[in-house]
Amino acid sequence: MSYRNRFPGTKLFSIVFLLLLATSNVIAKQAIPLGKVEHLFDIQSTPDSTLSLPSDIAVASDNRVYVVDSGHHRVLAYGPDGKYLFSFGKRGQNQSEFMWPLGIAVDKTGLVYVADKENHRIQVFNRDGKHQFSFAVGGKDGKPGTPIDVAVSAKSGLIFVTENSQHRILVFDADGTKLGGWGKEGVQERQFRYPGSILVQDGHVYIVDILNTIIKIFDERSKFVYTVGEWGVLPGQFYRPKGVAIDSKGSIYVSDSYMDVVEVFNKGYQFTHILATGKEKHKFHAPAGIAIDGRDRLYVAEMLSNKVSVFKLR
Amino acid sequence: MMARYLLLSSFLFITSLWISDNVEARSIAGKRECAICHIMWLGDFQRPDVTPLIPYDPNPVMNTGKQDVVSNERNCFSCHDGFVLDSRFVWQNKTYSHPVGVVPSDKVSMPTADEAQLRPDLNLFPLNKDGKIYCGTCHSAHGVDWKQDASPVFLRAKNIESSICLNCHGNRSTGPKGGNHPIRKKLENIPPELVDKGSKFGKGNIIICQSCHRIHGGRDNKVLVASNKNSALCGKCHSDRYAKDRVESTKMGTHPVNITSKKVKIPQEIIERGGKLGDKGEIICQTCHRPHLAEKNAAILVKKNQNDSSLCRTCHVQEGRINNTKHNMGLQDKEDKNIRGQKVSQSGVCSACHLPHNGAGPRMWARKITSEGEKISALCLSCHSKGKVAEHKQVGSISHPLGRNMSRLGEAVKLPGFTDAGLKKVGDMKGKVSCASCHNPHQWDPNNLDKSSKPGDPSDATNRFLRVANKGSNALCRSCHKDKADIKGTKHDVATMGPSAKKGNPGLCETCHLVHKGKGPRLWAREPVKGVDPISSICLSCHNKKGLGKKKTIGDHSHPVNAPLSNLGITSSTEGWIIGTKKKPDEKYKNWKQEALPLFDTKGRKTTTKDGQVTCASCHDPHRWSASSTPLKGAALTAEGDAKTSFLRISNSQKAELCINCHFDKGAVALSKHNLAITAPEEKNTIGQKAKDVVVCFNCHVPHNAGGAKLWGRGFGPGNDKAESMCRECHQDGGIAKNKQTGEISHPLQADVKNAGGRTKLPLFNKKGERSKSKKGGRVSCPSCHDPHQWDPADPLSQAGADAKVEGGANTSFLRMPAAPDGALCADCHRDQRWVKGTDHDLRVTAPDTKNLRDETVQESGICQQCHTVHNAKQALRLWAREPGLGQDINEQMCRSCHDEGLPAEQKVPVMKNHPAEVQAQILGRRARRGPVRGFTPLFGENGRTAHTGVISCPTCHNPHRWSPVVMEYGEGENLEGNSRNSFLRNRSKLALCSNCHGMDALFRYKYFHGKSSRKKHQLYR
């Protein structure tokens, strides 16, 4: 939705008023609407190291937090209050090893899905990090694909993967068998330019279309529903949208990794505010994947701060 | 009108705004693709009505300088974070990236437009507004060539095999001749771990800049692809030259890296030339090598090293002195070549023997190694061997031992040992002896390190590349052989010897030892005597009738040498000596303190094995006049040696500490009356020493120049063999033990033990008085039963016998084992008689209070000597010790010593007591002709001894020493009533007792003739 206001009519008073404003060059700027949240804590280390380029977060139904520590090619598990539990994975190409993982998801049964990007596969683990199975993400002409993020439908059990070598969404069944997909490179409704984070909730698939700078919403059968946000640097616009999450009231949260903000839209897809701590908008540091747990806690992966910051939304 | 104008103006203004807004909107849309990076081109920043989420700042001041925001790192990362493109590795190791925000140094040649390869019309690599390098210097989204293999990351120029790097760093591509690491050279084996870390190689595996450098995401300074701590990166490709420590370097034959040296200090010159050290000052590859901008034509060394080894000598200053010595191969043989085929004029003096890489062994040896054994010595022998360049300086077949553990010295010394890996060890008792322990091949004269030498120059013990000058007092030898230093001032010091010993002006040690080209064991410098063990041979080379030590010869009878120590019941091992065996030590001597004296093997080498043999050097330490803690020196030059001096290893006082160290079982003699210092202090041995003055052993034995077997040191008395003669030297009329003689009737000597029991544990002796087995002529002699060295066999430490007046008994008297009360000593030979123990004839059972002719009870005399007397007997037959009774023959008389009325066995007197005396029997047959036949009942001649023809006497039917012929066992210790199957009868005979003579009617005859009435009728009994 544009903020470019339209003049509503030809009322003389308004014209005169605006004319005066224009001639006097003192038009007042509209302030950025802010929504205050409370910073709880940061997740930034394990007992023996600090995080490196954390890229995404997933929160299980028991509020266990899984963080993709992408620089270390591993996944870290933390308790609901940020207490370190364990890690799994290391750099490599074997089972339970990762090469530059990026996105992550947890299904309703607690299985953890990791987009193992450079190994061109999705690896699935149980809640304790024990490998369950993997499935390949293909590209074009038999070449391997590039999985960016993964999401699992609580409703259908389908697995949705953003594959950005072909700018598309792939759909797999619960066993990892490819069922189909949609999208190609372009700017139209069902086209993408580098689809990034993906979220499935209440039958809707939310896809961050990074270079189209928009959140596209489909139903699980790939029927286009609506969009959120648009290109730009003004409130409600995106420059580098990366993460998307929805809170208990249906508000949509989108991180922008260049402008370092998290923008919030209501259930009607209208922009409402920018997250703030104190009197100013909260400045993140290259925020990427985000997640919201059942307690309405927001987790933001700040890649260049090498941390996950946790906020209480309300 | 005015209002009309106002309205028109407003309309025009609004319209203009509208038009303007729409133009701007179209403008933004048109620029959108550009604005993906050029964010500040967005017009919304200029909007007066709303606040953008980020401020408008097209040329922000950043750490790298003032530059267009499009080249901002954050802008790059917003796509290259993995979600669009993936360059996360750049930010993962952001510490090590190509520098930005710096002004290019003078080592960098920024290409001008003319030099640019592909864009000659443009300035190819722009700097930012501050003249500094920034991202945009190399990268531009508007790359000249978008093919992935040529410009995969928006580079401003093609990058085929690091070509873009060379635009600026062209001066690093000149190869070794230009002082740079080679590039575009094929690497045969690319280390996979390097590729894993991002290393890249060109087509055909050629080395390019990116083989070692990773412009973004490097892992070390200089944007190296992997950590180069301690030159680890160098070692990835040059693994054959990259030793992780000294040990590995010796194995690999390469210069050590990753080590620090106390001896070698890296001079400032090296550092100034670009040489580097590790974090802790370690020597690393880059200490000598500089991969870029090194000296030209110097193999990328920090300093040229050809011809004169100047680089080597920069650090190895001390070793550099070799230049002016015989070990400079250029002086020795200019045509000689190292294993690289280089003459010294090509390799330099150092590399004639050492190659910094790819050496043939430890110390980076540059010559062919043909010898085995100790590693460092093998290097020396690669020249000092037959057919080699230094064959005129060989060590000979007998030379100072190599490869011995330095720990054998028992203390740290200042000379070095060398490990099996070839590492030098000093002052820690580690390593082994090597040529280089004594020699420092890099310095000719240890007292004048700069002194030069050339081939053909004379040499002596002050130079010869020795580590310590060895002239005169032999300081070098004594560095290790400290325990030998006490020889100075003794009779074995050349200074005290005659003129012949001083010929050639030898040093203290060289008088007897030659370090190389020795003539015998112990590097002997003299002609060894043949026919004896190696050690004794060298002692005898002086101590013979014509030798330097002719006044101190050992005579024909001397302490045995070349004899195994095990003969004495001692087991030698590395832990010391054990009396008995390791598995079964002798409990009796478990507290005995023995000093393990040196033993030697058949080649004269010290050994601690059980087979080690005694030699002269076991008792004598030729380097120490006396064993006292402050050995006598000056006095020894003129004084005559005695048992405390004489180069003995243990001072030998009257208690004979040295002798009993081995002859531990003889030490008790000092506590007995055989210690003549107690019983005859003025008595002299054959060499005139009084008993009161000498070692107790020397009363009877002398270790050298003895009179006969047993190193006898006294005269000989009468006797059938030398052993008896030795005893009777004292135990004879007029002798000092004249009161202790054996009498006319005594236990037979020179008797064959076969006549008694057939075998014995007691020693037997031949005519010469030497111990000998029965089969080899060993016979019974005095020391068979007597051990003259211990008074009480049950208590060797008893002093009860240390008095001439003390009378011995059957369990003392120097007996080898107690004869009382149960007669063990006698029974050891008289085995058939041992079964008397515990029977009725053991008088402890039947008559404990009765006494023999010596007025001894059985407890005092023992079982045997109640009836038999060993010495001074009254009756020769059976050495009978009791008063004979009445009887038809002497045997019956002996039996009746007890078996008669009023005597101890009066209850055992036969009613019909004997066989007719007139009847004599004869044992016939072939076997009988050869003597009395076992198995047949014995007959007795007139002298009472067994005979073929004789009377039937008591012992014909009875064996008085064995209760039962059926069961071979001791008696039960009770006075039992006998029957026809025991009662000391011989009816175990092959032919039943009576039927031997009387045939099958013997029983009837027995019944008849042993009846009271019938016997009376028979003429033989009437």
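Chain letters run A, B, ... following the sequence lines, proteins first and then strands; every chain starts at 1.
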Nearest-0.5 Å distance that lies between atom CH2 in A:Trp100 and atom CG in B:Asp86: 7.0 Å
Candidates B:Val84, B:Ile36, B:Asp81 - the one meeting side-chain contact (heavy atoms from CB on, under 4.5 Å) with A:Arg240: B:Ile36
Between SG on residue B:Cys79 and CD1 on residue A:Ile210, distance to nearest 0.5 Å: 8.0 Å
Heavy-atom pairs under 4.5 Å with chain B, option from A:Ala288, A:Ser52, A:Ala31, A:Ser70 with the top count: A:Ser70
Nearest-0.5 Å distance that lies between atom CH2 in B:Trp91 and atom CG in A:Leu304: 8.0 Å
Any B:Arg32 side-chain heavy atom under 4.5 Å of A:Thr213 side chain: yes
Intermediate values then yes/no, side chain to side chain contact (heavy atoms under 4.5 Å, CB included), A:Tyr258 and B:Phe77: CA-CA 8 Å; A:Tyr258 184 80; B:Phe77 186 70; over 6 Å; no
Residues in residues 52-62 of chain B near chain A [non-hydrogen atoms, under 4.5 Å]: B:Pro52, B:Leu53, B:Ile54
Contact origin within B:Asn75 toward chain A - heavy atom pairs under 4.5 Å: both
B:Arg88 and A:Glu118 ion-paired at < 4.0 Å: no
Proximity breakdown for A:Val261 and chain B, heavy-atom pairs closer than 4.5 Å: side chain
Side chains of A:Gln30 and B:Thr51 in contact at under 4.5 Å (non-hydrogen atoms): no
Residue list, side-chain contact (heavy atoms from CB on, under 4.5 Å) with A:Thr227, at least two apart or on another chain: A:Ile214, A:Lys216, A:Phe224
Gap between atom CG of A:Leu234 and atom CZ of B:Phe45 - 0.5 Å precision: 8.0 Å
Side chain to side chain contact (heavy atoms under 4.5 Å, CB included) assessment of A:Met259 paired with B:Arg74: CA-CA 10 Å; A:Met259 296 196 290; B:Arg74 288 296 311 277; over 6 Å; no
